[in-house]
Each structure stands twice: as structure tokens, then as C-alpha cells.
Amino acid sequence: DLLNNNIPIVFYDRICTGLKTERVVVDDYAGSFAAVEYMIQTGCKRILFYGAAPHLEITKNRRNGYLIAITPALLEMPDHPDGFFAINDETASGILYACKLVGKKVPDEVSICGFTDGAIAQSTDPKLTTVEQHGEEVGKSTIRLLIDKLEGNDEGKSGNKIVRTNLVVRGTTK
């Protein structure tokens, strides 16, 4: 209805692919690739990815319960993962907690990398290696696109923006 009534819409971060609208997204692919490539280069051979549909509260709660229950068991296996790449810093901090529960040394025995670079990444011990997604830049770009659209200054401009990420190496990786 909004599109049919020419109401400006700009999606950011989590987009709706079924609608033709302007959007601002983080380069998730490049950020993930850089993080996992770094983990491989620093010696990880068995890297697990933890991910879920992050927009649903029920998924967050169930994922966190699953993570705490399953990760210690995985870490106690003879061929346990030596690296974890998590969909966000909250999940990565849960993995760090599970490693501590079973006595695995991070990063000597297990490397962990998150995605976001929010407050959690700097408040864990050790601090999380993470992919910085530049949330402030995403917000500013979204507002710029929306204001341009509202003021009619968007003629001939591409309304899509990809915000580049960068890897922030801290204490949870080698």
C-alpha cells in the first residue's frame, strides 16, 4: 500500500527482497569472507558457523538455549571445532562462555569471531574479534536516501548503498 501511494520507503540492514525499494545494507558477504579467511590463515581447520533468523525473538531465545547446551558437548569431542564464526556478537559471547565452561583456552585452543562490533565485543574477556558493520554509517546513509526521496532530489540516483565492513582483531583469535 505504501509503494502504491508513492510513500517513500528505504530498507536498511534487513531488507525485503520482494519489494523494489531503496536500501542500505552491510556487505555481509565480504565481512564474513574476511573473518573466516583470517581464521584459516591463523591456523583454524574446523570452523563452525552459528547463525539463525535474527529478527525473530523466539529464534534468539531458542538459539541461545541451543548454543549453551550444544557447544560444550562439541568442545569435548576429540576432533572439536577450533574456530567459531558467529552471526553476531551476542552469539559469539555465548560461545566464549561455553568455552570457559569446559575449560577451553581462547584463542589458544578455540578462536571465536562475531559480527557487529557493538558494546558486547569490547566487554567480554577476552575481547571479541568481530566484523565491524558500521551501524552509524548505515543509519546516516538511510536517512540521506529518505530525505532525498522526500525532497525529490533522488532523480537519476541509485537508491542502493552497500556499507563496507572491516575485521577488528582482538583477543578471541590468534
Side-chain angles (χ1 to χ4, degrees), residues 10-17 21-44 46-72 74-75 81-101 104-146 160-174:
V10 178
F11 280 98
Y12 65 96
D13 195 24
R14 293 181 188 103
I15 61 170
C16 181
T17 56
T21 65
E22 283 72 20
R23 51 186 71 155
V24 178
V25 295
V26 170
D27 196 343
D28 294 313
Y29 177 85
S32 299
F33 184 89
V36 175
E37 182 179 53
Y38 175 80
M39 293 173 79
I40 291 167
Q41 290 173 352
T42 57
C44 292
R46 295 172 309 281
I47 303 169
L48 276 171
F49 172 70
Y50 269 95
H55 65 283
L56 300 174
E57 191 62 32
I58 193 169
T59 302
K60 291 177 191 175
N61 295 333
R62 290 178 182 178
R63 179 191 66 225
N64 289 336
Y66 166 81
L67 178 65
I68 297 304
I70 196 69
T71 305
L74 285 172
L75 290 166
D82 59 0
F84 290 90
F85 177 63
I87 194 164
N88 56 37
D89 292 343
E90 290 83 2
T91 302
S93 70
I95 295 167
L96 178 59
Y97 175 76
C99 286
K100 288 180 178 188
L101 280 178
K104 294 293 179 192
K105 292 181 180 77
V106 176
D108 298 335
E109 296 176 274
V110 178
S111 288
I112 303 167
C113 183
F115 203 111
T116 304
D117 197 28
I120 287 175
Q122 295 195 39
S123 62
T124 60
D125 181 27
K127 292 180 180 180
L128 282 175
T129 293
T130 188
V131 177
E132 185 178 13
Q133 68 179 19
H134 303 285
E136 189 173 320
E137 175 60 29
V138 170
K140 286 178 181 179
S141 295
T142 302
I143 293 300
R144 268 189 238 116
L145 279 173
L146 189 55
N160 298 322
K161 174 152 172 91
I162 298 173
V163 177
R164 296 189 186 273
T165 59
N166 62 289
L167 182 63
V168 179
V169 177
R170 294 193 183 105
T172 57
T173 57
K174 299 173 190 165

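Residues take their numbers from the sequence shown, with the count starting at 1.
- Atom CG of Asn166 sits about 11.5 Å away from atom CG of Asp27, to the nearest 0.5 Å.
- Taking every heavy atom of both residues into account, Gly171 and Pro107 meet most closely at O-CD, 3.3 Å.
- Between the CG atom in Leu96 and the CG atom in Asp89 there is a gap of 11.5 Å [rounded to 0.5 Å].
- Proximity of a side-chain donor or acceptor of Glu109 to a complementary backbone N or O of Lys105 within less than 3.5 Å is detected.
- Between Phe85 and Gly114, the closest heavy-atom pair is CE1-O, 3.9 Å.
- The CG atom of Leu128 sits 10.0 Å away from the CD atom of Gln122 when rounded to the nearest 0.5 Å.
- A side chain to side chain contact (heavy atoms under 4.5 Å, CB included) with Glu137 holds for exactly one of Arg164, Lys161, Glu132; it is Lys161.
- Here the closest non-hydrogen pair linking Ala30 and Thr165 is C-OG1, 4.3 Å.
- Residues passing the side-chain contact (heavy atoms from CB on, under 4.5 Å) test with Leu48, sequence neighbours excluded: Leu74, Pro81, Phe84.
- Nearest heavy atom pair, residue Gln133 against residue Val138, reads O-CG2, 4.0 Å.
- With a 4.5 Å cut-off on side-chain heavy atoms, Thr91 and Asn88 count as touching.
- The existence of a salt bridge linking Lys174 and Asp82 is excluded, since no basic side-chain nitrogen approaches an acidic carboxylate oxygen closer than 4.0 Å.
- The CD atom of Glu22 sits 6.5 Å away from atom CG of Leu145, with the distance rounded to the nearest 0.5 Å.
- Residue Cys113 is tested with Val36, Leu167, Thr172 for a side chain to side chain contact (heavy atoms under 4.5 Å, CB included); the sole match is Leu167.
- Put simply, the residue from Asp117, Thr173, Thr42 that forms a side-chain hydrogen bond (donor to acceptor under 3.5 Å, both in side chains) with Thr129 is Thr173.
- Ser123 places a side-chain N or O within 3.5 Å of a backbone atom of Ile120 that can act as its donor or acceptor partner.
- For OH of Tyr38, the number of neighbouring non-hydrogen atoms (other residues, nucleotides, ligands) closer than 6.0 Å is greater than 12.
- Heavy-atom neighbours of Gln41 CD from other residues, nucleotides or ligands within 6.0 Å: above the threshold of 12.
- Note that CD1 of Ile112 is 10.0 Å distant from SG of Cys44, once rounded to the nearest 0.5 Å.
- Contact detail for Val110 and Cys99: the closest heavy-atom pair is CG1-SG, 3.9 Å.
- Atom CD of residue Glu90 and atom OG1 of residue Thr124 lie 11.5 Å apart, to the nearest 0.5 angstrom.
- Of all the heavy atoms in Phe115 and Thr130, the pair that sits closest is N-OG1, 3.2 Å.
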